[in-house]
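These notes concern the structure reproduced below.
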Amino acid sequence: MDSPVPEGPVRLLGINDLPACQRLAEDRGWEREDRKWRFLFSVGDVYGIDDGNGELAGTVISTPYGKDVAAISMVLVAKRYERRGLGGRLMRHAMDNTDTASLCLTATDYGRPLYERLGFRSVGLCTAYKGVAEGLSKRGVTVPVEASDMPAVHALDTEVSGADRSELVKRLPSFCESFRVVRDGPGIAGFGGAWKNEDWFLVGPVIAQDTETALALVDEVVPPGQVRLDIDHRHPELIAWAEAHGLRPAFTTTVMEYGAPLTGDPSRLYLPVAQALG
Ligand SMILES: CC(C)(COP(=O)(O)OP(=O)(O)OC[C@H]1O[C@@H](n2cnc3c(N)ncnc32)[C@H](O)[C@@H]1OP(=O)(O)O)[C@@H](O)C(=O)NCCC(=O)NCCS
């Protein structure tokens with residue numbers, strides 16, 4: 001017999017709920033992603049519904065960047081409750097409690113029909129490339145970030161993302177294992193990072209004035225070992241880089257937006273911090 005659908009409220013979760021979030025993720029075949037969840041708890045609003053037996057029936061995270069845009073992520077419903085309206089309830093709660101002009105997310109095939117029904121538009125595709133990168137050329141173009149670079153990092157991020165992501169940006173140097181910039185006179189021509197998630201490194205963010213700078217950053221922030229790059233298809237030059245360095249496509253998601261069209265300049269947003277954050 002089906003478990004009765006939990007009818008309790010959607011509540012704001014705290015870091016003490018992290019183990020239950022991870023059990024829910026594992027229930028859907030996702031990894032525990034401890035560092036990613038902790039980072040999302042530090043910058044976003046994590047919501048969930050209790051199942052009444054000490055576990056979570058579902059979660060959703062909204063990470064607002066000022067009043068401009070919020071990134072929606074970790075939309076998860078326990079398998080035993082799927083297709084009974086909880087995903088829709090969680091999404092509507094996050095949307096009603098997020099006061100930004102636009103929302104963005106990347107959708108799996110499970111989630112896309114749900115988001116379409118809620119009014120999200122598909123604006124592109126993103127493919128995760130994974131593997132051990134070979135033949136990197138460290139060109140000495142980039143340098144490790146210093147505190148004095150951060151105003152320029154924030155300014156470039158704001159210009160390109162079209163949003164004030166200061167709470168996110170200020171945490172990047174400590175969150176990333178490697179966070180480097182390309183200096184250009186008093187400012188910077190780009191910045192890039194890579195951070196550890198489970199037993200692999202996620203490469204991102206990479207934001208740069210041009211493709212040459214972006215590829216130099218990728219070359220110099222990619223660490224030895226297993227890496228993953230989440231590449232928006234509007235950047236074929238990064239797909240070519242991934243294939244030339246021995247990475248393989250693992251899965252593809254749909255990039256979606258809701259509300260006002262996003263401002264900013266996606267052509268210079270080469271890699272997101274994470275799909276969960278844009
Ligand atoms: C995506 C996910 C969160 C959806 O959660 P959910 O609770 O099943 O979502 P809902 O029940 O609100 O909606 C799902 C479908 O069930 C249908 N549905 C909702 N209530 C229903 C009911 N009482 N009876 C029958 N169908 C129902 C909806 O119409 C919807 O149909 P559609 O997908 O064909 O449009 C869930 O499948 C999941 O966790 N998947 C794995 C993780 C994942 O991929 N997350 C998305 C990341 S972007």
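As the structure lists them, so they are numbered: ligands from 1, and atoms in each ligand from 1. Atoms considered below: every heavy atom in the structure, side chains included; atoms not considered: hydrogens, waters and symmetry mates.
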- Task: Among Thr158, Asp157, Asp68, find the residue that satisfies the side-chain hydrogen bond (donor to acceptor under 3.5 Å, both in side chains) test when tested with Arg165.
- Result: Asp157
- Task: Take atom 30 (C) of ligand 1 and look for protein heavy atoms under 4.0 Å from it; say yes if you find one, no if not.
- Result: yes
- For atom 45 (N) of ligand 1, closest protein heavy-atom neighbour: Val75 O, 2.8 Å
- Message: Distance under 4.0 Å to a non-hydrogen atom of Gly88: what atoms of ligand 1 satisfy this?
- Response: 12 (O)
- Task: May I ask you to decide if the ring planes of Trp37 and Phe41 are parallel, tilted or perpendicular, using 30° and 60° as cut-offs?
- Result: tilted
- Arg32 bridged to Asp34 by N-O distance under 4.0 Å: no
- Closest non-hydrogen protein atom to atom 36 (C) of ligand 1, residue and atom name please, with distance? Arg28 NH1, 3.9 Å
- Query: Can an N or O of Leu114 be found at a distance shorter than 3.5 Å from an N or O of ligand 1?
  - Reply: no
- Per-atom filter on ligand 1: closer than 4.0 angstrom to a heavy atom of Gly111 are 1 (C)
- Query: Does the N or O separation between Pro113 and ligand 1 drop below 3.5 Å for any pair?
  - Reply: no
- Item | Test of proximity, Trp30 against ligand 1: N or O pairs below 3.5 Å | no
- Item | Backbone or side-chain N or O of Tyr115 under 3.5 Å from ligand 1 N or O | no
- Counting heavy atoms only, which of Glu82, Arg117, Met256, Arg89 comes nearest to atom 35 (O) of ligand 1? Arg117
- Measure up the His93 and Tyr47 rings against each other and bin them: parallel (under 30°), tilted (30 to 60°), perpendicular (over 60°). perpendicular
- The closest protein heavy-atom partner of atom 23 (N) of ligand 1 is Arg84 CA, 4.0 Å
- Task: Number the atoms of ligand 1 from 1 as they appear, then name those within less than 4.0 Å of a heavy atom of Val77, with their elements.
- Result: 3 (C), 5 (O), 7 (O), 38 (C), 39 (O)
- Here the atoms of ligand 1 under 4.0 Å from any heavy atom belonging to Gly85 are 10 (P), 11 (O), 12 (O), 19 (C), 20 (N)
- Does the side chain of Ser122 pick up a donor-acceptor pair with the side chain of Thr254 at under 3.5 Å? no
- Here the atoms of ligand 1 under 4.0 Å from any heavy atom belonging to Leu76 are 39 (O), 42 (C)
- Give a yes or no on whether Asp99 atom CG has more than 12 heavy-atom contacts from other residues, nucleotides or ligands under 6.0 Å away. no
- ligand 1 atoms in contact with Thr106 (distance to a heavy atom under 4.0 Å): 48 (S)
- Message: Against Val141, only a single residue in Glu212, Glu220, Arg183 fulfils side chain to side chain contact (heavy atoms under 4.5 Å, CB included); can you say which?
- Response: Glu220
- Looking at atom 44 (O) of ligand 1, what's its closest protein heavy atom, distance included? Thr108 OG1, 2.7 Å
- re atom 25 (C) of ligand 1, the protein heavy-atom contact at minimum distance is Arg83 O, 3.5 Å
- Query: Hey, which atoms in ligand 1 end up nearer than 4.0 Å to a heavy atom of Ala107?
  - Reply: 48 (S)
